[in-house]
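What follows is a set of notes on a single structure, which appears directly below.
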Amino acid sequence: MEVIICKTYEDMSVRAAREVANALNTKPNAVLGLATGSTPVGLYEELVRRHREEGLDFSQVTTFNLDEYVGLRDDHPQSYHYFMKEHLLKDINVPPQNVHIPSGTTRNHIAFCAWYEERIRECGGIDLQVLGIGGDGHIAFNEPGSSLGSRTRIKTLAEQTIKDNARFFSEDEEVPIYAITMGVGTILEARKLMLLASGENKAEAVAQAIEGPVTSMITASALQLHHDSVILLDEPAAGKLKMRDYYQWIQDNKPGAPKAEV
Ligand code: PGA
């Protein structure tokens, strides 16, 4: 597990975009796993910039999103379909038929989730999975207690998550209480994981995920089980790490890293 502490949110976003660009340079038809939330917005802005200004090409890329609220239509401003369109998909050249986001309106959740898993397999598996982390340590909507072997399924959201989301919905709307989410087991099958976290309010969850035990109570701790995961943090999100200097030392002394000037 590689822990990289960036000075600012912007630095973290640029660094994350570099990882995605590297993946596409190596494999133009890469399968990307994408996340929603406020954290990856800067990453997506940087990808759009690279697409426009540097010709970063998504024409052969396939995408799979982590999750979607149950009960929201694709055009609902709080749906993750809408989020992805607004923040990334409308501004890059991924063919629409290559975009996969769990359905918020399917009536047959079990069949849909089985299809989603099958589709990931058919496309050759996810090469690089982008992840955020919740204040409760969740990845995707794998709330505390989610099995570390879980697969794509319908999940009841934690009370705190529902409360946190309520501010985005008007009074006459029902705040979703279910989501379809990739499971922790699904996520762990991606070839590479890249988790982003920004801000002081994530510091505790980040510290538990990286330095605490592997536990279904903090599903992000499952990254400790993955052979190729990178965690990109800004300074405030790294604020509660005990081994912070160690992570920096490792970064400065990676094999092949340029020697510091004397
Ligand atoms: P955020 O959400 O990026 O909006 O903080 C992250 C998450 O809950 O996974």
Side-chain angles (χ1 to χ4, degrees), residues 6 8-13 15-17 20 32-47 64-70 72 77-84 86-88 101-102 104 126 128-146 148 150 152-153 155-169 175-184 186-188 190 193-210 216-223 229-240:
C6 305
T8 63
Y9 173 77
E10 289 70 28
D11 291 344
M12 181 191 78
S13 302
R15 178 68 205 247
V20 175
L32 299 178
L34 300 177
T36 49
S38 51
T39 312
V41 169
L43 157 64
Y44 296 153
E45 277 171 8
E46 178 62 11
L47 289 179
F64 284 91
N65 263 78
L66 288 168
D67 45 14
E68 177 60 286
Y69 291 117
V70 169
L72 298 193
Q78 293 308 325
S79 77
Y80 288 167
H81 280 78
Y82 189 90
F83 176 99
M84 288 311 299
E86 287 304 306
H87 289 282
L88 184 67
I101 304 175
I126 293 170
L128 174 63
Q129 176 68 60
V130 178
L131 296 164
I133 180 170
D136 61 2
H138 69 208
I139 44 174
F141 271 134
N142 295 290
E143 301 283 34
S146 294
L148 300 186
S150 51
T152 304
R153 68 209 183 289
K155 182 84 188 83
T156 305
L157 302 178
E159 215 176 344
Q160 191 59 47
T161 306
I162 298 168
K163 281 187 190 147
D164 289 348
N165 289 337
R167 66 185 191 280
F168 299 121
F169 292 85
V175 183
I177 57 170
Y178 306 111
I180 289 183
T181 180
M182 276 189 211
V184 181
T186 320
I187 292 168
L188 288 178
L193 303 179
M194 178 171 73
L195 185 141
L196 312 181
S198 163
E200 206 182 331
N201 61 336
K202 296 293 171 68
E204 183 59 40
V206 163
Q208 290 196 45
I210 298 174
S216 62
M217 289 297 140
I218 304 283
T219 52
S221 67
L223 268 72
S229 62
V230 56
I231 300 184
L232 298 176
L233 308 170
D234 65 7
E235 293 276 356
K240 293 202 171 161

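Atoms within a ligand are numbered from 1 in the order they appear, just like the ligands themselves. In this text the structure is predicted, and so the values were computed from the model without any measurement.
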(request) Taking salt bridge (charged side-chain N to carboxylate O under 4.0 Å, His left out) as the test, write out the residues that go with R153, two or more places apart. (result) none
In a simple table, one pair per line, please give the protein and ligand 1 atom names for every N or O pair closer than 3.5 Å, along with the distance.
unit_1   : atom_1 : unit_2 : atom_2 : d
ligand 1 : 3 (O)  : S38    : N      : 3.2
ligand 1 : 3 (O)  : T39    : N      : 2.9
ligand 1 : 3 (O)  : T39    : OG1    : 2.5
ligand 1 : 4 (O)  : S38    : N      : 2.9
ligand 1 : 4 (O)  : S38    : OG     : 3.0
ligand 1 : 5 (O)  : K202   : NZ     : 2.5
ligand 1 : 8 (O)  : H138   : NE2    : 2.7
ligand 1 : 9 (O)  : H138   : NE2    : 3.4

(message) I'd like to know if the side chain of N165 reaches the main chain of T161, judged simply by a donor and an acceptor atom lying under 3.5 Å from each other, with no hydrogens or angles considered.
(response) yes
(message) Between E143 (side chain only) and A158 (backbone N and O only), is there a donor and an acceptor less than 3.5 Å apart?
(response) yes
(request) Can you sort out the partners of E235 under salt bridge (charged side-chain N to carboxylate O under 4.0 Å, His left out), two or more places apart, ordered by chain and number? (result) R244
(message) Taking T39's backbone N and O only, do any of them form a donor-acceptor pair with S198's side chain (distance below 3.5 Å, no angle check)?
(response) no
(message) So, using side chain to side chain donor-acceptor pair (under 3.5 Å) as the criterion, who are the partners of H81 when residues are at least two apart?
(response) E68
